[in-house]
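Here's the structure we're looking at; comments come further down.
So you know, we letter chains A, B, ... as the sequences are listed, proteins then strands, and number each from 1. This structure is a prediction, so every number in the text was calculated from the model and none was measured.
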Amino acid sequence: MSEANTAEGLDFIRAIIRDDVAAGTHGGKVVTRFPPEPNGFLHIGHAKSICLNFGAAAENDGVTHLRFDDTNPTTEDKRYVEAMKEDIRWLGFDWGENLFHASDYFHQLYGYAEQLIESGKAYVDSSTEEEIRTLRGSVTSPGQVSPYRDRSLKENLDLFRRMRACEFSDGTHVLRAKIDMASPNMLMRDPLLYRIRRAHHYRTGDEWCIYPLYDFAHGLSDSIEGITHSLCTLEFENNREVYDWILDNLDVPSPRPRQYEFARLNLAYTVVSKRRLLPLIEAGLVNGWDDPRMPTLAALRRRGVPPSAIRAFCDMIGVAKVENRVDLGKLEYAIRTDLNPMAPRVMCVLRPLKLVLTNYAAGETEELEAPYFPSDIGKEGSRSVPFGRELLIERDDFSEDPPKGFHRLAPGREVRLRYGYIVRCVDVVKSKDGEIQEIHCTYDPDTRGGSAPDGRKIKGTIHWVSALHALPAEVRLYDRLFLKENPDAIGEDEDFRDGVNPESLIVLAGARIEPSVAADPPDTHYQFERQGYFYRDPVDSAPDALIFNRTVTLRDSWAKKTPSTLTAGDSPAPKAPSPGSAQTAPRVHRPEDAEAEARFNRYTSEFGLPEADAGVLAQEADLSDYFERALTGSAPPRPIANWIINDLPRVLEGRSLSEFPVEPADLAHLVQMVEAGALNMRSGREVLDVMASTGGSPDAIVEAQGLRQISDRATLEPIIVELVDAHPDEAAAYRSGKHGLIGFFVGQVMRSTGGKADPEVVQELLRSHLG
RNA sequence: AGCCCCCUGGUGUAAUGGCAGCACAGCGGCCUUUGGAGCCGCUGGUCCAGGUUCGAACCCUGGGGGGGCUACCA
């Protein structure tokens, strides 16, 4: 099973889902959705999302809906819908009955909009697009309210109904949520809900002339379908506030869906965005959505990448919230690993060079038996390969002046013809201008099949085809589409399309392939021996005009050692040393007003608090107040300050001090208990958690949960002895110097005592036991 | 400049207060009728500074860096 399925190492989304299932949120159900907008082709980035949505649901016995997010009629098309369905099925996922369209909900969505108007939370704005933009303000300045914001409920409803009735022309009115024009989140500045658009929708035709916008439609569609976990990419983080607002201000079923964001996939030397892909097609730089150089699923399929390889790749890259750029090598690895056991080996000569066996009878031919798989694959099957006096070998497999370490054919040298004979080069025939025309060799008749009876070692083995029998073929070699690792990293006035790799496609029209392939099913994934994995082009290939796409090369550890192969030159620039260490001393919050300053001074002088701590506490009046009220107990100021600074923010969970249920005196009492050793720090924090969430006095909680610290050596001793005995390997490692393991042992003791042991005593005992 | 999010080997990702692990890439070796596959080994990391803690990648504070947001797109 994949890494993602092991108990530990769940990605953060799966961890959330696991916790929700355990807690019984949504009745333990999991319903996810994949919501593409049908305005382009699905690509490898979508594959990540598809694998996540379908995978995480299936792992929890949940279901995944396929929903076309078709709220913008001007860009969407049925053709894309069909292509997307095909691609998802091909990838290996099944939405069953759960095929939906946002356009299915246009009536319900409209109803929700009226509901919002009726509750005074939405209004019709008749400003122009330009005015709306201006009034929205900027990231640093608040927006201003529209003059239409305070229209009466009745007028809003009337206007909205007339919008729907197509009484107005495009752009004259919009429906907006009434939220907050001064919100620091631009998206909350009265987001648009509906716009007038006289456009033909590919599904609803001309029924509507108003269409909902993403922020309004998406969350509600999720709610309508009973989605539990709505997973989207990072750029929607700010939209979540709107998502929540819409669902919280409308009468929707509870519990409602929650949105979580993860990082989209970025691939090195690739663009993964519909906004980037379409221009490539329009400029004729590639041949459509399924050009095998494209990162679309259709292109990958055409190139010969199996869906299982893409799934394996998605498993490998994980899911997180960090902007990433994945090495192409990782995709290639996934493809090779997947193809290796499934692809039959055949021989194809890409750039042929004639090789004549001078001691082989002219006109004679023979058939050689060649297994389809090497023995380590463990698969049966073979074909016969015709052999004769005139053969074709790869031009690269002969070198007149071989570099050191080259162990293919060279003048006077021997090489093995795969599945055939060992041959020795005796002559090189050149044209007048010095170009090599053909190679003359003698073959050793005793080495049929490739092994030498005298036991001599032949280092090199090369592939070949019979000149007489080989089939002509066109072979298309693909390479990265872009020259730069990040094709998007360009200047303002540059076009990312200028970064296209001119050698991303190399067509070899004169290749020759062994005749056996003519009888194979057209969708066979081959390994052309010593070259790579290839796949018959499903669009352009014909039985009498074979065309093969190179899916991916074989790993070539020889090519890497020879810098002459042009692959160098794109080595990533060494990272600049991190400038992040400005060595600035932590800044102390120096209070600005006189009162705060007085407090600050008192805290530093009277209580001896460090300036940084005093600054934090003195800064705000309510925090100071809380601190000082806690001081009236018996606990000393320093630990109280520490607790307030370090532990309070965590349990406050966004609440203000005024609505915080823990009385300063109770906190002080808790601190005092920890100071006195009645509780250890860890238990103390646990108690604070309880106090902050469900309330109660520290004493009662300590009693109820039995959290009193165990400092008694006689009690701890046997636990430690037992534990050390139970972990002999770790104990030995500790004794041989791996003292970091003390943490492991302390952790074990803490666990077995329910966190109640006195860690200092434990550590002391452990040290003496482990010696 | 305001708000939000994020920083773990070259890359991608685990570890959620207790041994910093895995994968890819790289390097070395073994094996090999594919310079493939496989096997073994090695290199290399918690952005910085302070604090809390017996113990910090993880909690707190500050700094640095990256990304997102100012569409009647999604």
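Stacking between A:Y214 and B:A74 is absent: the ring centroid is not both under 5.5 Å from the six-membered base ring centre and under 30° in plane angle.
For A:N680 (side chain) and A:G755 (main-chain N/O), a donor-acceptor pair under 3.5 Å exists by modelled atom type. Judged by distance alone, with hydrogens and angles left aside, the side-chain atoms of A:S138 form a donor-acceptor pair with the main-chain N or O of A:S141 at under 3.5 Å. Remark: side-chain polar atoms of A:H173 are not paired, donor with acceptor, to backbone N or O of A:G171 under 3.5 angstrom. Under a 3.5 Å cut-off, the side chain of A:N185 and the backbone N or O of A:N238 do form a donor-acceptor pair.
Within 4.0 Å of A:Y734, counting heavy atoms only, lies no atom of the nucleic acid at all. Across all strands shown, A:E37 has heavy atoms under 4.0 Å from sugar-phosphate atoms exclusively, and none from any base. Counting non-hydrogen atoms under 4.0 angstrom, A:T233 reaches nothing in the nucleic acid. Counting non-hydrogen atoms under 4.0 angstrom, A:L554 reaches a base of the nucleic acid. As judged by a 4.0 angstrom heavy-atom cut-off over every strand, A:N239 is placed among the base-contacting residues. Among the protein residues, A:S138 comes within range of the nucleic acid bases, having at least one heavy atom under 4.0 Å from a base atom. Here A:R638 lies in heavy-atom contact (under 4.0 Å) with sugar-phosphate atoms only. Note on A:V319: only backbone sugar-phosphate atoms sit closer than 4.0 angstrom, heavy atoms only; bases stay farther off. Among the heavy atoms of the strands, none lies under 4.0 Å from A:K274. Counting any heavy atom pair closer than 4.0 Å across all strands shown, A:R197 reaches sugar-phosphate atoms only and no base atom. Within the 4.0 angstrom heavy-atom criterion, base atoms lie near A:H407. Residue-level contact check: A:G405 touches the bases, meaning some heavy atom is under 4.0 Å from a base atom. Within 4.0 Å (heavy atoms only), A:Y419 reaches at least one base atom of the nucleic acid. Residue A:D376 is classed as a base contact, given a heavy-atom separation below 4.0 Å to a base.
Sorted by residue number, the members of residues 525-533 of chain A with any non-hydrogen atom under 4.0 Å from RNA chain B read A:Q527, A:E529, A:R530.
Residue pairs satisfying the salt bridge (charged side-chain N to carboxylate O under 4.0 Å, His left out) criterion with at least one member in residues 328-349 of chain A, sequence neighbours excluded, are listed as follows: A:E332-A:R336. Residue pairs satisfying the salt bridge (charged side-chain N to carboxylate O under 4.0 Å, His left out) criterion with at least one member in residues 186-197 of chain A, sequence neighbours excluded, are listed as follows: A:R149-A:D190.
Checked for salt-bridge contact, A:R530 and A:D397 meet the test: a charged N lies under 4.0 Å from a carboxylate O. Salt-bridge formation is detected for the pair A:E130/A:R133: a Lys NZ or Arg NE/NH1/NH2 atom is positioned less than 4.0 Å from an Asp or Glu carboxylate oxygen. Between A:K321 and A:E237 there is a salt bridge, since at least one side-chain N of the basic residue sits less than 4.0 Å from a carboxylate O of the acidic one. A:R275 and A:D488 are not joined by a salt bridge, as no carboxylate oxygen comes within less than 4.0 angstrom of a charged side-chain nitrogen.
Atom C1' of B:A20 sits at a distance of 22 Å from the matching atom of B:C60, rounded to the whole Å. B:U16 and B:C59 have their P atoms separated by 11 Å, with the value rounded to a whole Å. Atom C1' of B:C24 sits at a distance of 15 Å from the matching atom of B:G45, rounded to the whole Å. With P as the reference atom, B:G50 and B:G55 are 16 Å apart, rounded to whole Å. Between B:C4 and B:U43, the two C1' atoms lie 39 Å apart (nearest whole Å). Here, B:G26 and B:G44 have their C1' atoms 10 Å apart, quoted to the whole Å.
For B:U34, the OP1/OP2 oxygens have no side-chain nitrogen or oxygen of A:R408 closer than 4.0 Å. Look at A:T71 and you'll find a side-chain N or O under 4.0 angstrom from OP1 or OP2 of B:A74. Residue A:S557 has a polar side-chain atom (N or O) positioned under 4.0 Å from OP1 or OP2 of B:G36. Proximity of A:R195 to the phosphate of B:A71: no side-chain N or O atom is located under 4.0 Å from OP1 or OP2. When the side-chain nitrogen and oxygen atoms of A:R136 are compared with OP1 and OP2 of B:C72, one or more of them lie within a distance under 4.0 Å. Look at A:R685 and you won't find any side-chain N or O under 4.0 angstrom from OP1 or OP2 of B:U52.
Taking 3.5 Å as the limit, the base of B:G36 and the side chain of A:D556 contain no donor-acceptor pair of atoms between them.
Considering only residues two or more places apart in sequence or on other chains, A:S399 meets the side chain to side chain contact (heavy atoms under 4.5 Å, CB included) condition with A:P402, A:P403, A:F406. Legend: residues meeting ring-ring contact (aromatic ring centres under 6.0 Å, His included) with A:W464, ordered by chain and number and at least two apart, are A:F387. Applying the ring-ring contact (aromatic ring centres under 6.0 Å, His included) criterion to A:H463, with sequence neighbours excluded, gives no partner residue. For A:Y194, the ring-ring contact (aromatic ring centres under 6.0 Å, His included) partners are A:F160, A:F216, not counting sequence neighbours. For A:H739, the ring-ring contact (aromatic ring centres under 6.0 Å, His included) test picks out A:Y734, with sequence neighbours left out. Legend: residues meeting disulfide (SG to SG under 2.5 Å) with A:C209, ordered by chain and number and at least two apart, are A:C166.
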With 3.5 Å as the limit, what N/O pairs link the protein to nucleotides 25-28 of chain B?
unit_1 : atom_1 : unit_2 : atom_2 : d
B:G26  : OP1    : A:K560 : NZ     : 2.5

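When distances are taken from the side chain of A:L213 to each of B:C73, B:C59, B:U53, the shortest belongs to B:C73. Here B:U13 is the nucleotide among B:G18, B:U13, B:A74 with the atom lying nearest to any side-chain atom of A:A320. Residue A:P374 has its side chain nearest to B:U34 when only B:G12, B:A23, B:U34 are considered.
Surrounding NZ of A:K459 are at most 12 heavy atoms belonging to other residues, nucleotides or ligands under 6.0 Å away.
Between the P atom of B:G36 and the CD atom of A:E332 lies a distance of 15 Å, rounded to the nearest Å.
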Output field dot_bracket for RNA chain B (Watson-Crick or G-U, both distances under 3.5 Å, | for other-strand pairs) contains .((((((..((((....[..)))).(((((.......)))))....(((((..]....))))))))))).....

Contact string for nucleotides 3-8 of chain B, one letter per nucleotide 5' to 3', B = base within protein heavy-atom range under 4.0 Å, S = sugar-phosphate only, - = neither, reads SSSS--

